[in-house]
2 protein chains.
Amino acid sequence: MEENIPDNQGGARHSRSNCELSQLSQLAELPVDTLKELARICRPLRFQTGQIVAHEGERPDFIGFVHSGILRMQKTLEDGRQHIVGLLVEGDMFGRVFDGPLNVSVESVADAEVCAMQRAPFESLLLRSPELDRVVLLNILDELDRARDWMIILAKPKVKERLAGFLMVLCSRFAGVDHILRAGSGTIDVKIPISRTDLAHLLGSRPESISRAFHALADGGSIAIKKPDLIEIQDMDALCVVAGDEDAGNHPTMEHLLEFLHGRDD
Amino acid sequence: MEENIPDNQGGARHSRSNCELSQLSQLAELPVDTLKELARICRPLRFQTGQIVAHEGERPDFIGFVHSGILRMQKTLEDGRQHIVGLLVEGDMFGRVFDGPLNVSVESVADAEVCAMQRAPFESLLLRSPELDRVVLLNILDELDRARDWMIILAKPKVKERLAGFLMVLCSRFAGVDHILRAGSGTIDVKIPISRTDLAHLLGSRPESISRAFHALADGGSIAIKKPDLIEIQDMDALCVVAGDEDAGNHPTMEHLLEFLHGRDD
DNA sequence: CGGTATTTTGAGTATCGTCAAGGCCAGTGG
DNA sequence: CCACTGGCCTTGACGATACTCAAAATACCG
């Protein structure tokens, strides 16, 4: 039960009759006829904060493309506790093409729109469209990279380092996602999308330690805590140093980010 | 330079004129003509312990299928330190199909045989063979799962828990790999394939703490240290409890493993 | 058998998890 | 409009754990 595409009874709301697939940058370059076929088999779904999109162990009848909002992937441990293994944002895909049940649950962290592609026709289209297949493949490869980046961050011995790494990820990979980053005057405001408790699960720590780590970073001068979930980044380079610089020289500079954000805000 | 398939000058040795592709269980089910095409574009390579198979940031001209031995994937941090993000064993694939440069280095931990598929013809074959495409897709999805499992393990607060989780992974996912597991009398001997230092990097700790964690597990009675790199597992259930049981009720039992190993040894 | 690298042990310090209490904010109801 | 309530974040104190540095013991290799 409940393995089908969620309907109104299930809690999700159909927002429009079809998705605006071309807004997803990865799909935009697909051939027109492929896009048309995609549009035919996809259903837009809306989820409110806290709703379950897919359950671990089930095999939903759809493959999801996140259109807006933020979802979190989590695994349920034996003792019932949930452990976050990643966040999904605009443009991300979830669901196991050609494969068995999910091994993560997906839950909306903020109000989210998801394009649900019916599994069977999507897989069949995948076989006929090499371009779509390629997009899906690259998407998964991308997610693999993200998981590896998380591994590097999680392997840091100190909470402060892991938290700094997390903030760097928000500034790089999540930079394009609306409502997360906002340009200030020579600084950048970061809206932390999840609670301290969730952040603690994600970083393998406790809420108290996360809180202390935030304030330790603030005392160091690299960030300021405007509100508990609104962080102002004052010194990106210092943050990189604390984070231990996961990817050698691959981090965004403050100037580059500000430029990017000002471009987006106009 | 050195972005091509390693040749004899580069250190890797061609072992035979063609790979025994059918030995790789995932490929065995492919259509015969696809296998033939694969055989034509693949080169067997041999690597000795410590050899670099592929450099981070490069885009090797081949996609690798591990035939035997163990390789490790690692990222180079800014300070030059290397951080292990995963191990590759028999049946695993590496190299980014249809995509840019690698973002991990691959290095052989033990003498290894790798089937190197020339990139261009492999990608072209991928477009023509849906079955091969599916195999590749599932392989990457699998690796994504493994990365997520690592995240769960890495997020454990105590080193002892992470180490127990690592041992459980060796007993489940690496069970089929030769020379890692060996059946004892009601116990299982595990050959730790990497040094304490590497293990420390993998688990986000230090060699000293890893050593202490090993001995703490031994004092608890769940394992015995026969040699520094040869661990006898005496109580798998106890080990699961210490590990915190990542995947609810998904761990192998001692009996099941012993049965499996005895079947293999005959 | 000697030399080197790896592993182990020890002592001291820093960090983190735990428990408990207090503060901040939003929503509710008088 | 204000007091109350509940959830989340913060702070403090204390014990447990892990990191650091240094040295000893062991294993490995020729």
Side-chain angles (χ1 to χ4, degrees), chain A residues 48-50 72 79 81-84 109-110 153-167 190-220 223-232 242-244, chain B residues 48-50 79 81-84 109-111 153-166 189-220 223-232 242-244:
Chain A
Q48 293 168 0
T49 305
R72 70 177 179 207
D79 56 5
R81 291 168 39 126
Q82 305 233 305
H83 209 118
I84 299 181
V109 169
I153 293 176
L154 282 175
K156 301 283 176 195
K158 296 184 208 168
V159 176
K160 193 163 69 167
E161 296 172 351
R162 298 204 287 274
L163 182 60
F166 170 75
L167 290 174
V190 184
K191 175 89 171 58
I192 308 294
I194 56 179
S195 71
R196 291 281 190 277
T197 305
D198 282 347
L199 197 47
H201 285 159
L202 189 58
L203 297 181
S205 180
R206 305 288 134 168
E208 298 95 331
S209 299
I210 298 291
S211 178
R212 283 185 241 269
F214 264 120
H215 287 270
L217 287 176
D219 291 345
I223 68 169
I225 306 171
K226 300 173 112 173
K227 286 195 290 181
D229 62 343
L230 188 66
I231 303 298
E232 177 182 87
V242 175
Chain B
Q48 292 167 0
T49 304
D79 55 6
R81 290 168 44 123
Q82 306 234 303
H83 209 117
I84 299 181
V109 169
D111 289 7
I153 293 176
L154 282 175
K156 301 281 176 196
K158 298 186 207 169
V159 176
K160 194 163 67 166
E161 297 172 350
R162 298 203 288 274
L163 182 61
F166 171 76
D189 287 357
V190 183
K191 177 88 170 59
I192 309 294
I194 55 179
S195 72
R196 290 282 191 277
T197 306
D198 283 347
L199 196 47
H201 285 158
L202 190 57
L203 297 182
S205 179
R206 305 287 134 165
E208 298 95 330
S209 300
I210 297 291
S211 176
R212 284 186 240 269
F214 264 120
H215 287 270
L217 288 175
D219 292 346
I223 69 169
I225 307 170
K226 299 172 112 173
K227 286 195 290 183
D229 61 344
L230 187 65
I231 304 299
E232 177 182 85
V242 175

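Residue numbers begin at 1 in each chain, while the letters A, B, ... track the order of the sequences. Fair warning: this is a prediction, and the values are worked out from it, not measured in the lab.
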note = Scanning both residues in full, the closest heavy-atom pair of B/E161 with B/V242 reads CG-O, 3.3 Å
Dot-bracket line, read 5' to 3' along DNA chain D, where crossing pairs take [ ] and | marks a partner on another strand, Watson-Crick or G-U under 3.5 Å = ||||||||||||||||||||||||||||||
query = What's the CD-P distance between B/E208 and D/dT17, to the nearest Å?
reply = 18 Å
ask   = Hey, which of these two, A/S211 or A/K158, hits DNA chain D nearer its 5' end, going by closest nucleotide?
value = A/S211
query = Of the nucleotides D/dC9, D/dA18, D/dT20, which one has an atom closest to the side chain of B/R206?
reply = D/dT20
key: Atom-to-atom span, CD of B/E161 to P of D/dT17 - whole angstrom   = 10 Å
message = Does D/dC19 have OP1 or OP2 under 4.0 Å away from a side-chain N or O of B/S205?
response = yes
ask   = Would you find a donor on one side and an acceptor on the other, under 3.5 Å apart, between the side chain of B/D111 and the backbone of B/T49?
value = yes
query = What's the closest nucleotide to the A/P157 side chain, out of D/dA27, D/dC19, D/dG12?
reply = D/dC19
ask   = Taking the side chain as C-beta and beyond, is there a heavy-atom pair between B/F166 and B/I210 under 4.5 Å?
value = no
key: Atom-to-atom span, CD1 of A/I225 to C1' of D/dT10 - whole angstrom   = 10 Å
ask   = Would a 4.5 Å heavy-atom cut-off, applied to side chains only, mark B/V109 and B/D198 as touching?
value = no
ask   = Is the phosphate of D/dT10, meaning OP1 or OP2, less than 4.0 Å from a side-chain N or O of A/R196?
value = yes
key: Length of the CZ-P vector between B/R212 and D/dC19, whole Å   = 9 Å
Heavy-atom contact window of chain B on DNA chain C, given 5' to 3' at under 4.0 Å = C/dT7 to C/dA11
ask   = So, for B/R162 and B/S205, which heavy atoms are closest and what is the spacing to 0.1 Å?
value = NH2-CB, 4.0 Å
